[in-house]
Protein chains: 2
Amino acid sequence: MLDEPHAPAQTISRSTARTADAVVKGIESRISSGELADGAFLPAERELMAEYGISRTVVREAIARLASRGLIEARHRYRPIVRQPGYDAALSAVGGVVSHLLNGSSGIKNLYDTRVFLEAALVRNAALHARKDDIASLRAALAANEAAIPDSRLFYATDVAFHAVLYEIPRNPVFPALHKAFTLWLAPHWERMLRSPERNRINHLSHRAILEAIVERDPDAAEQALQNHLGAAWEYVRGTFEEPLSDRAESNDG
Amino acid sequence: MLDEPHAPAQTISRSTARTADAVVKGIESRISSGELADGAFLPAERELMAEYGISRTVVREAIARLASRGLIEARHRYRPIVRQPGYDAALSAVGGVVSHLLNGSSGIKNLYDTRVFLEAALVRNAALHARKDDIASLRAALAANEAAIPDSRLFYATDVAFHAVLYEIPRNPVFPALHKAFTLWLAPHWERMLRSPERNRINHLSHRAILEAIVERDPDAAEQALQNHLGAAWEYVRGTFEEPLSDRAESNDG
DNA sequence: CGGACGCTTTCGGTCAGACCAAAACGAGTG
DNA sequence: CACTCGTTTTGGTCTGACCGAAAGCGTCCG
């Protein structure tokens, strides 16, 4: 094949011939071809540098780019590890960008509303299409949720787990990834929220109501129960950033 | 379920602090403080280098990171431009990662299913909450769609535009951004799809059916119409990648 | 006087070589 | 066999340099 340093054969026409791009492509193909399997270590920088006939600067840039795209995991000072990216790797890659949208409360509101919207659709879907084992998972999650009422920290975990089941029912891996992303992004505010066994009990009852509507195959009731649940939760969360809050409500984009 | 490997991309606070991080933070705050307004040029590298007392290597790394997070737009050989990131900037940042998920057909299917799922919820929402001007927008888009039937290229644009209106109705900027992302990711396959005035007419009729159900405030009918529409469309799209289809990949999300 | 052309400067992209500190590795010791 | 300690490897950073394209500027021609 080409151990040939620069094979700038193509599209780079427009003013840009970034050398790192070639390396990125090269490594990329070596990953998707399986030559660099998931979990494997990337060759040392100095090695790649010799291999592609480029300087370490470029090697490092290529690595940085691949890392930012989730193809390799580059922890500080550790040998980069090849990662076959999954949906949640993709989502977590957005994390950095999203963090800037979470500044004004409007950003959080938009994200939260999106979550509610999605989850409402998910409970409808669950009510219509949940299978026996889905219901069983839901019941198990609900039971764990109930048992955790006295322990707020544990309750939070079981709360998240209960909702997670909802995202698994469509059997589309995008949804669990979305759930992870949502909880990750919203967690900082969520965790600052005051919690108590009483609140936990109320939330647990909401969960129970949702599950019951699903079991009864009543999508409207299920959606309504979820809307109530998350709507009420929002009232509690919003308190965590009801500060002076400079009115910068940007949120949109061009 | 180990949550250890990659959380936010830069939680490397442990052990050693990356020097570039300080610079990233610095510039970051200068952006969100408004000192570096949207559209402004970033100071020259050699300037930043003096300013922060670091080498150009680090400056460049910091810039690369900010760029990967969408905070600045760094075209090759051009002075980096400050960008206040919006939702679709965030989504387009995922683009690079997503591209790897679009290899097997299962990736596309998952993404497409997600879109259908979302859009089904959107038409329900439209049927329930669309306002007069939303309906008007929908009608206008539908008219443009009809007028474009003879011209397949134009039809595609009006098709996208019609669906776009659906995403605008909730008035949550996340949705239009999602729409952009979906169309962008799916476009390559979509455009390879055979088109003809006859197909266009059928699609247009689907759109009409959706709109009618919305106007009649019938969420179930609207959702059904959309499911039919997109389900049929999928049958056409799938033909564009019915290749051997390497069986690996699937969807690990771990 | 104004715009086209060409020169100079600036600045991003790349390179080379070097040093440091932490990680990985291996040998020696209890 | 485990633990410690020293050596090698390797990623992170620095320095200083060069190239070429962009931008800035001044001249020259219409």
Side-chain angles (χ1 to χ4, degrees), chain A residues 3-27 30 36 39-83, chain B residues 4-6 9-27 36 39-83:
Chain A
D3 46 76
E4 204 259 326
H6 37 264
Q10 43 168 9
T11 28
I12 1 177
S13 54
R14 278 290 295 259
S15 70
T16 42
R18 202 168 270 207
T19 358
D21 273 343
V23 186
V24 168
K25 261 198 183 169
I27 299 180
R30 283 168 71 178
L36 287 173
F41 287 109
L42 206 64
E45 295 182 355
R46 290 170 174 84
E47 203 169 320
L48 289 171
M49 159 181 162
E51 185 170 336
Y52 287 90
I54 53 178
S55 72
R56 203 141 82 89
T57 313
V58 179
V59 171
R60 288 180 60 72
E61 185 181 332
I63 291 179
R65 274 217 230 163
L66 289 165
S68 84
R69 293 175 43 182
L71 273 163
I72 63 183
E73 178 190 336
R75 286 191 309 170
H76 190 70
R77 276 219 163 273
Y78 282 76
R79 188 83 157 277
I81 299 175
V82 176
R83 287 286 178 225
Chain B
E4 39 87 17
H6 37 54
Q10 73 274 31
T11 331
I12 348 157
S13 49
R14 48 182 303 171
S15 68
T16 43
R18 207 171 272 216
T19 10
D21 271 345
V23 186
V24 169
K25 260 199 185 168
I27 298 181
L36 287 173
F41 287 109
L42 208 64
E45 294 182 354
R46 291 171 173 86
E47 202 169 320
L48 288 171
M49 158 183 165
E51 186 170 335
Y52 287 91
I54 54 177
S55 72
R56 204 141 81 90
T57 313
V58 180
V59 171
R60 288 181 60 71
E61 184 181 333
I63 291 179
R65 278 223 226 155
L66 288 166
S68 84
R69 292 176 43 183
L71 274 163
I72 64 183
E73 178 189 336
R75 286 188 309 168
H76 188 74
R77 280 222 159 270
Y78 283 75
R79 192 79 156 281
I81 299 175
V82 176
R83 288 283 176 230

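Just so we're on the same page: letters track the sequence lines, and every chain starts at 1. Treat the numbers as computed from the prediction; the structure is a model and nothing was measured.
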Compare the minimum distances between each of [options] and the side chain of [X], then state the nucleotide with the smallest one.
X	options	value
A:Y78	C:dA23, C:dC15, D:dG11	C:dA23
A:E45	C:dG12, D:dT13, D:dG12	D:dG12
B:S55	D:dA22, D:dT13, D:dG11	D:dT13
A:I54	C:dG12, C:dT14, C:dC15	C:dC15

Residue mapping more 5' on DNA chain C - nearest nucleotide basis, B:E47 or B:T57
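Looking at the nearest nucleotide for each, B:E47 comes out on the 5' side.
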
Compare side-chain N and O positions of [X] against OP1 and OP2 of [N] and report whether any pair is under 4.0 Å apart.
X	N	value
A:R79	C:dA23	no
B:H76	C:dG13	yes
B:R60	C:dG13	yes

Counting N and O atoms only, with roles assigned by atom type, does the side chain of B:R56 sit under 3.5 Å from a partner on the main chain of B:R46, one being a donor and the other an acceptor?
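No; judged by distance alone, with no hydrogens or angles, the pair does not exist.
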
Could you give the [atom1]-to-[atom2] distance, from [X] to [N], as a whole number of Å?
X	N	atom1	atom2	result
A:R46	C:dC15	CZ	P	16 Å
A:M49	D:dG11	CE	P	12 Å
B:I81	C:dC11	CD1	P	15 Å
B:L48	C:dC11	CG	P	11 Å
B:R77	C:dG13	CZ	C1'	5 Å
A:F41	D:dT9	CZ	C1'	13 Å
A:I63	D:dG11	CD1	C1'	9 Å
B:E61	D:dG11	CD	P	14 Å

Is there, by distance only and without an angle test, a donor paired with an acceptor across the side chain of A:R56 and the base of D:dG12 below 3.5 Å?
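Present.
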
For residues A:D21 and A:R65, determine if any side-chain heavy atom of one lies less than 4.5 Å from a side-chain heavy atom of the other.
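The answer is yes, as the side chains (C-beta and beyond) meet within the 4.5 Å cut-off.
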
In the structure I gave you, are the side-chain heavy atoms of A:R18 and A:V24 within less than 4.5 Å of one another anywhere?
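Side-chain contact under 4.5 Å: no.
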
Applying side-chain contact (heavy atoms from CB on, under 4.5 Å) between A:L48 and each of A:I54, A:V23, A:I27, report the one that passes.
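Among A:I54, A:V23, A:I27, the one that satisfies the side-chain contact (heavy atoms from CB on, under 4.5 Å) with A:L48 is A:I27.
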
After noting the C-alpha distance and the side-chain angles of A:F41 and A:I81, does the key distance pass the side-chain contact (heavy atoms from CB on, under 4.5 Å) rule?
CA-CA 5 Å; A:F41 287 109; A:I81 299 175; 3.9 Å; yes

